[in-house]
K.L.:
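I am attaching a structure below and will ask some questions about it afterwards.
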Amino acid sequence: MLETLNQRYAIAKVLTFQAGMDNQPIAKIHNDHATAEISLYGGHVLSYKPHSETADVLFLSPLATCAKGQAIRGGIPICWPWFGEDPEGLGRPNHGFVRNRLWQPIAAVAIDRGTTQLTLGLSDTEETRALWPHSFDLAIVITIGATLQVELITRNTGHTTFSLTQALHTYFTVGEIQHVRVRGLEGKYYLDKVEGSTRKLQTAAIAVTSEVDRIYLDVPANLTIDDSVLDRLIRITSIGNSTAVVWNPWITKAAAMGDLGDTDYQTMICVETTNAATDVVELAPGDTFRLSAAYQIDR
Ligand code: TA6
């Protein structure tokens, strides 16, 4: 499989497919701006490290595994066609069913010497239709350059309108969680999932000193993770969403997760670009919806 992938999609000196986590094929990219790793399993960006950085922008759990059809813990999991628990309460997996499926390469392009773009795709099958009775074409367009850009494109290829919630559920590496602030959501309301989705108002920049699991409403396009230990800002620019999620499992939840080290909560935070809660996408037959995020390091 790797030989075929490389024959069709490798880019000399920039992009090759190799065996990665649990022997799943991953694209390894090294261009003038950054290195990156992208797993075909889950259509999942695992790593993005500009040459200027010592620490990866994305957090990947040392215990991450996809051995038993699990979603990879870290990087950018794709939550689709629902965010969070099964909206119909049918016992289907949290965050939908595309995080643990093998996506196929569609295109690999050297945009210029420093920028590489890999597009992966996933379409409905008999198995997915048994889970969710709709036809679709999904594509994730990943651009590795001075910034990391990810665009999730949904096309309704069926004959009925379907409702969609989704997320780019991005895990970021931080130096030490208690020295991090998330800026840009001051003055916004959020649903506090730690307290029964109670609606609350965010007054100051977000600090994490216990479990945080919040769906922010009516969010701006630009958010910032301010990391004083790694002495960097991660600028997040999103398009297509009016909600965003901030999540850190903290001590108890981290200890209960088999694919996250007990102290790993200290060096990660999720700031997610989402269509979640009331931000539901209704997609008519033949229509397309794009959800995108760009990540850039600043100082
Ligand atoms: O985005 C936050 C969240 O919905 C949390 O409630 C927590 O469940 C997290 O996602 C991780 O979910 P997962 O299914 O990947 O363990």
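One-based numbering, in listed order, for ligands and for the atoms of each.
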K.L.:
What orientation do H51 and H30 show, parallel under 30°, tilted 30 to 60°, or perpendicular over 60°?
P.N.:
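Geometry flag for H30 against H51: tilted rings.
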K.L.:
Tell me: protein heavy atom nearest atom 8 (O) of ligand 1, and distance?
P.N.:
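The closest one turns out to be H95 NE2, 4.5 Å.
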K.L.:
Assess the pair H169 and H44: is the distance between their ring centroids shorter than 6.0 Å?
P.N.:
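No.
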K.L.:
Got the closest protein heavy atom to atom 4 (O) of ligand 1, with its distance?
P.N.:
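Here the nearest protein heavy atom works out to K193 NZ, 3.2 Å.
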K.L.:
Would you mind running through ligand 1 and noting each atom that sits below 4.0 Å from a heavy atom of D213?
P.N.:
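Atoms satisfying the 4.0 Å criterion: 2 (C), 5 (C), 6 (O).
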K.L.:
Check whether any heavy atom of R73 sits under 4.0 Å from an atom of ligand 1.
P.N.:
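Checking ligand 1 against R73, which is what was asked, there is a heavy-atom contact under 4.0 Å.
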K.L.:
Which option, R99, E211, H169, owns the non-hydrogen atom nearest atom 15 (O) of ligand 1?
P.N.:
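Among R99, E211, H169, the closest heavy atom to atom 15 (O) of ligand 1 belongs to R99.
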K.L.:
With clusters defined by side-chain heavy atoms of hydrophobic residues (ILVMFWY) lying less than 4.5 Å apart, directly or transitively, does V245 cluster with Y190?
P.N.:
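Cluster IDs for Y190 and V245 differ.
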K.L.:
I'd like to know whether the aromatic ring centres of F162 and F136 sit less than 6.0 Å apart in this structure.
P.N.:
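Here the rings of F136 and F162 have centres that are no less than 6.0 Å from each other.
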K.L.:
Is a donor from one side chain sitting under 3.5 angstrom from an acceptor on the other, for D137 and S123?
P.N.:
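Yes - a donor-acceptor pair under 3.5 Å links their side chains.
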K.L.:
Between K49 and E37, is there a side-chain N and carboxylate O pair less than 4.0 Å apart?
P.N.:
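Judged by the 4.0 Å cut-off on N to carboxylate O distance, K49 and E37 do not form a salt bridge.
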K.L.:
Numbering the atoms of ligand 1 from 1, which are under 4.0 Å from a heavy atom of E272?
P.N.:
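Every atom of ligand 1 under 4.0 Å from some heavy atom of E272: 1 (O), 2 (C).
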K.L.:
So if I count the atoms of ligand 1 from 1 in the order they appear, which ones are less than 4.0 Å from some heavy atom of F83?
P.N.:
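Every atom of ligand 1 under 4.0 Å from some heavy atom of F83: 1 (O), 4 (O).
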